[in-house]
Amino acid sequence: MIINDVYHTIVGSIPVVPPETGGILGEHNGVICAVVFDEGDTQNERYAYIPNVERLNDVISQWASEGIRFAGIFHSHPGRQEELSIADKAYIQRIMEFTPDAVHALHFPIVLPGKKMVGHIAEKVDGQVMVTQEQIIIEKE
């Protein structure tokens, strides 16, 4: 579940250009309630969202002190590409391998700028990481 304002801030704030930008999601009591946009790794010239890990880890630490748990990473795709790419899935796999055992799932939505967000969730199941599409439920405030 995601707070209405957070959902619409993400969908409405992600620019169509450059083609891939993103950020992180934070949750409290199972509801995504926080977002931080990321300019990504400015050293990278490819058309891919590469998070600024140092900056985002600082945000995650700050959130933890406020009772907000890191809930995942979102990024935009150009056009109507709702599915995760092979590179996206490989990156998600690496993230999940390095998350503590207590973290069983993280969200990795794709944002179609100005249109919608398409949910994807990565879950640890019997030592394997399973990535599936998930319905995004917007909380009515």
Side-chain angles (χ1 to χ4, degrees), residues 1-44 46-141:
M1 184 172 296
I2 186 168
I3 291 177
N4 187 40
D5 286 349
V6 171
Y7 179 90
H8 289 289
T9 296
I10 293 169
V11 172
S13 297
I14 292 283
V16 175
V17 177
E20 294 208 18
T21 57
I24 58 174
L25 303 168
E27 72 178 8
H28 181 73
N29 293 331
V31 177
I32 295 173
C33 60
V35 59
V36 168
F37 291 91
D38 179 33
E39 294 177 4
D41 182 351
T42 56
Q43 302 296 317
N44 192 317
R46 298 179 310 162
Y47 288 108
Y49 170 58
I50 307 296
N52 181 332
V53 176
E54 184 177 335
R55 177 178 177 269
L56 296 179
N57 281 339
D58 287 345
V59 171
I60 291 167
S61 293
Q62 176 64 38
W63 279 352
S65 71
E66 298 168 4
I68 298 172
R69 185 184 76 82
F70 169 66
I73 299 173
F74 67 90
H75 74 283
S76 64
H77 274 185
R80 294 179 283 189
Q81 183 185 348
E82 296 183 5
E83 294 301 316
L84 295 166
S85 69
I86 292 170
D88 292 337
K89 291 177 183 176
Y91 188 69
I92 290 168
Q93 184 76 31
R94 285 194 308 273
I95 290 171
M96 294 302 289
E97 287 172 1
F98 288 101
T99 58
D101 290 338
V103 177
H104 299 286
L106 291 173
H107 304 276
F108 294 92
I110 299 296
V111 179
L112 303 178
K115 296 177 185 166
K116 66 180 177 177
M117 191 164 30
V118 179
H120 295 88
I121 188 167
E123 299 174 284
K124 294 179 184 176
V125 179
D126 297 326
Q128 300 288 327
V129 175
M130 306 296 291
V131 180
T132 56
Q133 196 164 345
E134 71 171 331
Q135 180 181 6
I136 295 177
I137 299 170
I138 303 171
E139 181 181 78
K140 304 285 188 231
E141 295 181 84

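Side-chain contact between Ile136 and Tyr7 is present, with heavy atoms from C-beta onward closer than 4.5 Å. Residues Phe108 and Ile95 form a side-chain contact, since some pair of their non-hydrogen atoms from C-beta on lies under 4.5 Å apart. Within the 4.5 Å cutoff, no side-chain heavy atoms of Glu82 are placed close to those of Ile110. Under the 4.5 Å side-chain criterion, counting only non-hydrogen atoms from C-beta, Trp63 is in contact with Ile24. Within the 4.5 Å cutoff, side-chain heavy atoms of Leu25 are placed close to those of Pro109.
The heavy-atom pair separating Gln81 from Leu112 by the smallest distance is O-CD2, 3.7 Å. Taking all atoms of both residues into account, the shortest heavy-atom contact from Val6 to Ala34 is CG2-N, 4.2 Å. In plain terms, the two heavy atoms of Gly79 and Lys115 that are nearest each other are O-NZ, 4.1 Å. The heavy-atom pair separating Arg55 from Phe37 by the smallest distance is NH1-O, 3.0 Å. Across Val131 and Ala122, no two heavy atoms sit closer than the pair CG2-CB, 4.0 Å.
Going from atom CD of Gln93 over to atom CD of Gln128 covers 7.5 Å, rounded to the nearest 0.5 Å. Interatomic distance, CD1 of Ile68 versus CG of Asn29, reported as 11.0 Å (0.5 Å rounding). The distance from the CG atom of Leu84 to the CD1 atom of Ile92 is 4.5 Å, given to the nearest 0.5 Å. Taking NE2 of His107 as the start and CD of Glu123 as the end, the distance is 8.5 Å to the nearest 0.5 Å. Expressed to the nearest 0.5 Å, how far OG1 of Thr21 lies from CD1 of Ile50 amounts to 12.5 Å. For the atom pair CD (Glu27) and CD1 (Ile2), the distance works out to 10.5 Å, reported to the nearest 0.5 Å.
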For this session: Apply side-chain contact (heavy atoms from CB on, under 4.5 Å) to His77 and Glu83, showing your working.
Result: CA-CA 9 Å; His77 274 185; Glu83 294 301 316; over 6 Å; no

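Applying the side-chain hydrogen bond (donor to acceptor under 3.5 Å, both in side chains) rule to His104 yields no partners; only residues at least two apart in sequence or on another chain are considered.
Aromatic ring pairs are classed by plane angle as parallel below 30°, tilted from 30° to 60° and perpendicular above 60°; the pair Tyr49 and His75 is parallel.
Heavy-atom contacts from other residues, nucleotides or ligands closer than 6.0 Å to CD of Glu66 number more than 12. More than 12 heavy atoms of other residues, nucleotides or ligands lie within 6.0 Å of CD in Glu97, so this atom counts as buried by the packing criterion. Counting non-hydrogen atoms of neighbouring residues, nucleotides and ligands closer than 6.0 angstrom, the NZ atom of Lys124 exceeds 12 such neighbours. Counted within 6.0 Å of CE on Met1, heavy atoms from surrounding residues, nucleotides or ligands total more than 12; the atom is thus considered enclosed.
Using a 3.5 Å distance cut-off with no hydrogens or angles, the side chains of His120 and Asp88 do not pair a donor with an acceptor.
Across Val53, Leu56, Val59, Ile73, a single residue satisfies side chain to side chain contact (heavy atoms under 4.5 Å, CB included) together with Asp38, and that is Leu56.
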